[in-house]
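We count ligands from 1, going down the list as the structure has it; atoms in each ligand are counted the same way.
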Amino acid sequence: MSSNTTGHDGLPSSSTDADRTADAGDVVITDVMLRDGLQNQPTHVSLDGKLLLLRALAAAGVRSAEITSFVSPKAVPQMADAAELMRATAQMPMRLSVLAPNLKGLERAAAAGASEVAIVLSATDTMNRRNINMGLDEALRVSLQTLGAAIDLGLRTRAYVAVAFECPFEGRTPAARVRELAVPLLEAGANEIVIADTIGAAAPGEVRRLLDALLPVLPVARVGMHFHDTRGMGVANAFAALQMGIRRLDASTGGVGGCPFAPGASGNVATEDLVLMAEQSGYRTGISLPGLVAAVDLVENLLGSTHGGGAMPWLRRMAAQRRTEPLTA
Ligand code: COA
Ligand code: ZN
């Protein structure tokens, strides 16, 4: 029986609840924990550990994940096993994306069997230099070149516009700059333009303002948003984006995250916080909260550190209750 808007365990149950009144539609969550999350951790997770994490995400119902980056292993040693991970996950029944910021990364990704790649262009000159060692003009040129080559190979593509709200080196990012960069990426054929608050500096009103500037020139179905929770506003920002019609959101299970090249960037918005907010607000994510609790337990074991979004203490209590009570629902 599923006549409540919450399941037996007190957690909002899946979208199949017959009497959910406000069906606000499907939301695609791309879990970036294995890439954005693990790239910045002092503890390196082994290939086997990464595979366990990915299986835990799949078991929780995650259907889209960004799992690694094909970048210099000197720059990001945690992603040095990118090709092995890609090959080992070829049969997983989910969309798997990988970061490939230049042609060399794309070649390596394609050779390892990637079917979806993401390029990353930062909105400021300094952030591009710190991240991929080239200025803004060259970064745009290389991004368009890499995107074009990926499309020629028949790959699905995501194009990030990073530091879209604020740059740790150059301050606030003008919306006009984000638009100037997003439009050529769209015109080059990127399937998805991902507007990224890399250092978690945005507030909901600013999300609205930036989307007001972007949505007249970008089809809303092709825009995703990527939030970090540095100031505790990740969920509020994601809700603002949902209210503006965005249906693609990045998040990281456990809120694991941070960018090694962007000082002050802390964890991504946690997938569990986003799923709880979205499901309880009438959106369908297809992702199970008890499944995410299990995935957070696993990542904590692998990293030897504590993780979890703001909702995690409550979610853990609910999950524990669920294990001790007879399941009668
Ligand atoms: N994958 C692996 N190695 C790469 C590479 C890639 N995509 N691109 C370049 N390299 C190698 C080159 O072959 C060269 O190797 P060598 O020293 O053994 O000859 C070396 O890296 C330097 O090449 P160069 O073209 O001069 O690159 P660079 O030093 O300007 O660095 C990047 C460019 C993009 C590879 C590097 O800045 C990087 O990996 N950045 C990490 C970006 C990232 O993951 N950010 C976090 C997420 S946003
Ligand atoms: Zn990020």
Side-chain angles (χ1 to χ4, degrees), residues 29-41 65-86 97-112 114 117-124 126-136 138-143 145-147 149-150 158-169 194-202 224-231 233-234 237-238 248-271 274:
I29 294 184
T30 297
D31 197 293
V32 298
M33 183 244 275
L34 274 89
R35 198 279 298 171
D36 214 1
L38 298 188
Q39 74 181 4
N40 200 33
Q41 299 303 311
E66 189 172 276
I67 58 168
T68 190
S69 35
F70 287 85
V71 296
S72 162
K74 283 181 204 145
V76 190
Q78 293 90 335
M79 302 289 120
D81 59 1
E84 291 95 315
L85 182 63
M86 193 72 253
S97 183
V98 299
L99 203 72
N102 59 13
L103 283 178
K104 172 150 188 183
L106 174 65
E107 274 164 30
R108 292 177 56 218
V117 295
I119 59 105
V120 56
L121 174 66
S122 298
T124 66
T126 318
M127 189 64 222
N128 281 301
R129 287 189 195 284
R130 298 290 179 113
N131 193 33
I132 54 175
N133 197 26
M134 51 188 97
L136 179 55
E138 192 189 356
L140 177 60
R141 194 179 52 73
V142 168
S143 294
Q145 184 186 39
T146 309
L147 203 52
R158 277 158 57 89
Y160 281 103
V161 181
V163 296
F165 292 88
E166 185 174 318
C167 170
F169 310 105
V194 187
I195 305 299
D197 182 18
T198 309
I199 59 167
M225 306 265 333
H226 174 112
F227 292 111
H228 283 246
D229 213 14
T230 317
R231 304 182 190 181
M233 274 188 252
N237 290 337
R248 299 175 185 280
L249 295 168
D250 288 1
S252 169
T253 292
V256 183
C259 175
F261 309 100
S266 77
N268 295 62
V269 65
T271 308
L274 213 55

Problem set entry | Donor-acceptor contact below 3.5 Å, side chain T271 vs main chain S252 | yes
For this session: Please check if the side chain of T230 supplies one atom and the backbone of I199 the other of a donor-acceptor pair under 3.5 Å.
Result: yes
Problem set entry | Any donor-acceptor pair under 3.5 Å from N237 side chain to M233 backbone | yes
For this session: Heavy atoms only: give me the nearest N128-S122 pair and the separation to one decimal.
Result: ND2-O, 2.8 Å
For this session: Ignoring hydrogens and angles, tell me if any N or O in the side chain of R129 forms a donor-acceptor pair with the backbone of T124 under 3.5 Å.
Result: no
Problem set entry | Side-chain ion pair, D250 and R158, N-O less than 4.0 Å | yes
Exercise. Taking only residues two or more places apart in sequence or in another chain, which ones pass salt bridge (charged side-chain N to carboxylate O under 4.0 Å, His left out) with E84?
Worked result: none
Atom pairs and distances, donor-acceptor, side-chain atoms in residues 72-82, under 3.5 Å, two or more places apart:
| unit_1 | atom_1 | unit_2 | atom_2 | d |
| --- | --- | --- | --- | --- |
| S72 | OG | K74 | N | 3.1 |
| S72 | OG | A75 | N | 3.4 |
| Q78 | NE2 | Q39 | O | 3.0 |
| Q78 | NE2 | Q41 | O | 2.9 |
| D81 | OD1 | K50 | NZ | 2.8 |
| D81 | OD2 | K50 | NZ | 3.3 |

Exercise. Would you call the rings of F165 and F227 parallel, tilted or perpendicular, where under 30° means parallel and over 60° means perpendicular?
Worked result: tilted
Put together the list of close N/O pairs, under 3.5 Å, between ligand 1 and the protein, could you?
| unit_1 | atom_1 | unit_2 | atom_2 | d |
| --- | --- | --- | --- | --- |
| ligand 1 | 1 (N) | V71 | O | 3.3 |
| ligand 1 | 1 (N) | R108 | NH1 | 2.8 |
| ligand 1 | 7 (N) | F70 | O | 2.9 |
| ligand 1 | 7 (N) | N102 | OD1 | 2.9 |
| ligand 1 | 7 (N) | G105 | N | 3.1 |
| ligand 1 | 8 (N) | N102 | ND2 | 2.9 |
| ligand 1 | 13 (O) | K104 | NZ | 2.8 |
| ligand 1 | 17 (O) | K74 | NZ | 3.3 |
| ligand 1 | 30 (O) | N133 | ND2 | 2.8 |
| ligand 1 | 37 (O) | N131 | O | 3.4 |
| ligand 1 | 39 (O) | S72 | N | 2.9 |
| ligand 1 | 40 (N) | N131 | O | 3.0 |
| ligand 1 | 45 (N) | N131 | OD1 | 2.7 |

For this session: Report the protein N/O/S neighbours of the Zn ion (ligand 2) that fall below 2.8 Å; do not count waters.
Result: D36 OD2, H226 NE2, H228 NE2
